[in-house]
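Working notes for the structure below.
Below, read A as the first sequence line, B as the second, and so on, with proteins coming before strands; counting in each chain starts at 1. Worth saying up front: this structure is predicted, and the values here are computed from it rather than measured.
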Amino acid sequence: MEDSRLKKIEELRRRGINPYPYRFEISDFIGNVRKRFEREVPEGLRVRVRGKAKRVSRTEEGFMVRLSDEENVEILVFTKEEGLKPGEVYTFEGVLSRVEGKLSLVDAKLSEGEVESIKEIKSRFDSDPQNKEVSLAGRLVSLRSMGKAIFGHIQDLTGRIQIYVKKDVVGEEEFRLFNEIFDLGDIIGVKGKLFRTQTGELTVEVQSFRLLAKCLHPLPEKWHGLKDVEIRYRQRYLDLIANPDSRRTFLLRSRLISELRRFLDKKGFVEVETPILQPVASGANAKPFVTYHNYLEMNLYLRIAPELYLKRLIVGGFPRVYELGRNFRNEGVDRTHNPEFTMVEFYAAYWDYRDLMSFTEELLTYLLEKVVGKLKISYEGKELDFTPPFRRVRYFDLLKEKTGKDKEFFLRDLEGLKALAKELEIPNYEKLTHAKLLDKVFERVAEEDLVQPTFVIDFPKLLSPLAKTHREDTDLVERFELIVATYEIANAYTELNDPTDQKERFLQQLKEKEMGDEEAMEIDEDFIRALEYGMPPTAGEGIGIDRLVMLLTDTDTIRDVILFPHMRPQ
RNA sequence: GGGCUGGUAGCUCAGCCGGCAGAGCAGCGGACUCUUAAUCCGCAGGUCGCGGGUUCGAAUCCCGCCCAGCCCA
């Protein structure tokens with residue numbers, strides 16, 4: 001911790017100022033204030049401007065130029081043009097956008113010809129705040145002292161705004177106080193009038209200010225942000241303070257979840273909460289975390305899926321239910337796996353898996369339109385097109401296309417399948433059960449190049465102990481997975497509601513377990529009893545939220561979409 | 001579990017063929033009433049991840065460990 005900052009706290013207390021006061025009345029969040037005076041720029045609007053380069057700075061990919069007209073009105077220009085010099089006059093053409101709220105020209109190229117005035121463009125999109133009184137609070141993230149006036153920026157989750165503290169306005173004593181007590185990183189509240197500076201930036205002329213919380217540590221670097229991934233995950237608060245991309249990702253995640261709820265609610269689904277501590281961890285193929293209940297003197301398991309409980313609710317007469325929440329799987333951590341992850345599972349009585357396919361298309365297009373505003377997104381350099389209908393391909397058709405072998409081969413020729421697995425260099429292939437072997441071969445040959453949203457349908461029965469037998473082929477079940485950019489985003493089926501069949505499938509799982517598949521599913525006797533009371537025809541689906549957020553934010557690491565990913569203690 | 005890469009100031013990074021521990025930002029002092037990666041003058045800042053070894057001398061070479069990332073299992 002910084003000694004000088006601790007001393008300032010002592011100094012404040014001596015002056016009778018509480019460095020950690022109780023409340024501060026804000027008139028609005030910073031982003032909302034900005035929105036009132038900043039019109040949205042239509043997408044793809046190209047403009048050409050001329051001005052003097054006041055500063056040229058290098059960015060990750062190119063340069064940022066502060067371009068200023070004769071009246072000192074400024075616009076930011078992002079360009080890849082080399083060799084630009086401060087003080088020179090340039091003409092740029094580019095796409096008008098807002099970057100951190102500021103009007104900017106992006107993808108700009110040097111150009112010639114008729115130009116629009118910077119001032120005129122800005123006045124079209126940035127309106128005069130007319131000295132509106134505001135009361136704002138946020139973290140002090142920059143400070144530029146000019147002697148008898150100080151500029152700085154304060155930031156909250158919604159945005160950033162410039163503050164201007166003038167000796168004339170606040171008075172000599174308060175001005176000195178501001179200089180003496182504030183450090184970068186402090187949380188402060190300001191009251192004052194909005195105006196625009198000569199360069200056109202929306203600014204609060206501060207009339208009074210107040211320290212709301214002292215920051216005892218220096219902040220990460222203002223320009224490069226916080227890059228060290230270890231610190232970003234261990235001290236996410238610092239990541240959120242320093243990196244706007246990170247704030248954007250988690251805001252998008254929140255919006256997605258809220259829109260998902262809105263959509264399901266609108267469609268008549270009822271949100272429910274089922275046990276996270278379960279006496280039997282079933283409903284998926286995975287190893288559970290074990291915990292111990294002292295009072296009951298028994299082991300309990302953190303759920304690996306809520307499926308069997310949600311179907312009990314269908315039996316109980318809830319026709320449409322969903323649960324959005326955390327599942328836990330006791331396995332390794334890597335780019336696409338975190339031991340706890342978020343899924344939504346929803347079940348609709350009287351539907352089958354075909355109903356769910358069109359429902360999924362509707363759901364995803366709704367979410368994309370609400371959250372990113374378009375159906376074509378870019379992921380790892382590829383364009384993903386979510387315009388329905390999505391491609392549908394049958395499981396064994398896909399395998400046949402990739403390997404030339406048919407369903408009979410994969411289901412009845414175990415030796416042949418082993419030989420194929422060997423050829424594909426699938427590790428430990430000799431130890432795998434038939435079901436696992438098939439699963440691995442499919443992953444290896446089929447999933448790898450499923451980039452555009454694709455429903456893989458009609459899975460083999462031996463991989464799907466909870467799905468209903470296919471109405472046209474008893475080797476298969478009525479199941480689909482939605483695969484996008486090689487990730488499994490959704491998994492769904494017509495639910496098995498015949499208790500006798502279900503019992504047999506569980507017994508088959510028991511055999512798989514005995515043959516060494518540690519992830520084979522556990523029998524849940526009460527679930528079978530529930531089915532015996534009669535579950536209507538039902539279709540159910542699970543969607544992995546973390547991976548969906550990864551797609552929408554063009555992120556290749558699950559840790560970047562989970563606020564506090566699991567790390568080994570330091 | 002295996003392989004590779006990394007860990008140096010609060011942050012971003014250089015230094016690594018052994019020889020005084022470096023820069024920018026942040027910080028501290030000073031100048032400056034439209035600055036915005038402000039500018040200008042000056043100053044301070046280190047368990048070089050941890051432990052051991054080699055050496056006259058180790059951030060640098062060797063061994064072990066910890067943490068992280070990537071790849072593989």
Could you check which of [options] has an atom nearest any side-chain atom of [X]?
{"X": "A:T557", "options": "B:U35, B:A68, B:C70", "value": "B:C70"}
{"X": "A:S4", "options": "B:C28, B:A68, B:U12", "value": "B:C28"}
{"X": "A:L184", "options": "B:C13, B:A26, B:A68", "value": "B:A26"}
{"X": "A:D183", "options": "B:G69, B:C28, B:U35", "value": "B:C28"}
{"X": "A:E221", "options": "B:C71, B:U12, B:G69", "value": "B:U12"}
{"X": "A:R234", "options": "B:C70, B:A68, B:U35", "value": "B:A68"}
{"X": "A:R568", "options": "B:C67, B:C28, B:A37", "value": "B:C67"}
{"X": "A:Q162", "options": "B:C70, B:A68, B:U35", "value": "B:U35"}
{"X": "A:L226", "options": "B:C34, B:U35, B:U12", "value": "B:U12"}
{"X": "A:Y233", "options": "B:G69, B:C34, B:C67", "value": "B:G69"}

For [X] and [N], is the shortest distance between a side-chain N/O and OP1 or OP2 below 4.0 Å?
{"X": "A:R5", "N": "B:A26", "value": "no"}
{"X": "A:R144", "N": "B:C34", "value": "no"}
{"X": "A:K8", "N": "B:G27", "value": "no"}

Grab the [atom1]-[atom2] distance between [X] and [N] for me, whole Å please.
{"X": "A:M64", "N": "B:A37", "atom1": "CE", "atom2": "C1'", "result": "7 Å"}
{"X": "A:E230", "N": "B:G49", "atom1": "CD", "atom2": "P", "result": "13 Å"}
{"X": "A:Y429", "N": "B:A73", "atom1": "OH", "atom2": "C1'", "result": "16 Å"}
{"X": "A:E174", "N": "B:U33", "atom1": "CD", "atom2": "C1'", "result": "18 Å"}
{"X": "A:E180", "N": "B:C28", "atom1": "CD", "atom2": "P", "result": "12 Å"}
{"X": "A:I241", "N": "B:A26", "atom1": "CD1", "atom2": "C1'", "result": "14 Å"}
{"X": "A:W223", "N": "B:C25", "atom1": "CH2", "atom2": "C1'", "result": "12 Å"}
{"X": "A:L6", "N": "B:G10", "atom1": "CG", "atom2": "C1'", "result": "14 Å"}

inquiry  = So for A:T197 and B:U35, does any side-chain atom that can act as donor or acceptor lie under 3.5 Å from a complementary atom in the base?
reply    = yes
Check this for me, if you would: do [X] and [Y] make a salt bridge, where the nitrogen-to-carboxylate-oxygen distance has to be below 4.0 angstrom?
{"X": "A:E172", "Y": "A:K148", "value": "no"}
{"X": "A:E93", "Y": "A:R46", "value": "yes"}
{"X": "A:D546", "Y": "A:R253", "value": "yes"}
{"X": "A:R98", "Y": "A:D126", "value": "yes"}

query = Do the rings of A:F442 and A:Y395 sit parallel, tilted or perpendicular, given the 30° and 60° boundaries?
reply = parallel
key: Aromatic plane relationship, A:F92 with A:Y90 - under 30° parallel, 30 to 60° tilted, over 60° perpendicular   = tilted
Base, sugar-phosphate or nothing for [X]? Non-hydrogen atoms, less than 4.0 Å.
{"X": "A:R335", "result": "sugar-phosphate"}
{"X": "A:K227", "result": "sugar-phosphate"}
{"X": "A:G152", "result": "nothing"}
{"X": "A:S142", "result": "nothing"}
{"X": "A:F195", "result": "base"}
{"X": "A:I150", "result": "nothing"}

Who is the Watson-Crick or G-U wobble partner of [N], with both distances under 3.5 Å?
{"N": "B:G1", "value": "B:C72"}
{"N": "B:A26", "value": "none"}
{"N": "B:G18", "value": "none"}
{"N": "B:G6", "value": "B:C67"}
{"N": "B:C61", "value": "B:G53"}

Roughly how many Å apart are [M] and [N], using the [atom1] atom of each and rounding to a whole number?
{"N": "B:U39", "M": "B:C11", "atom1": "C1'", "result": "22 Å"}
{"N": "B:G2", "M": "B:A14", "atom1": "C1'", "result": "32 Å"}
{"N": "B:U54", "M": "B:G18", "atom1": "C1'", "result": "11 Å"}
{"N": "B:C65", "M": "B:A58", "atom1": "P", "result": "24 Å"}
{"N": "B:G10", "M": "B:C50", "atom1": "P", "result": "13 Å"}
{"N": "B:A59", "M": "B:C48", "atom1": "P", "result": "7 Å"}
{"N": "B:U8", "M": "B:G49", "atom1": "P", "result": "6 Å"}
{"N": "B:G53", "M": "B:G45", "atom1": "P", "result": "30 Å"}

query = Taking for each residue the nucleotide of RNA chain B bearing the nearest heavy atom, is the 5' side occupied by A:H566 or by A:H153?
reply = A:H153
Given RNA chain B, 5'-ward residue of the pair A:R58 and A:A149, judged by closest heavy atom = A:A149
task = Taking A:D28 for its side chain and A:V33 for its backbone only, find out whether a donor-acceptor pair lies under 3.5 Å.
result = no
task = Examine A:K191 relative to A:F24 and say whether NZ or CZ is less than 6.0 Å from the centre of the six-membered ring and inside a 45° cone about the ring axis.
result = yes
remark   = From the list A:I545, A:N327, A:T336, side chain to side chain contact (heavy atoms under 4.5 Å, CB included) partner of A:F341 resolves to A:N327
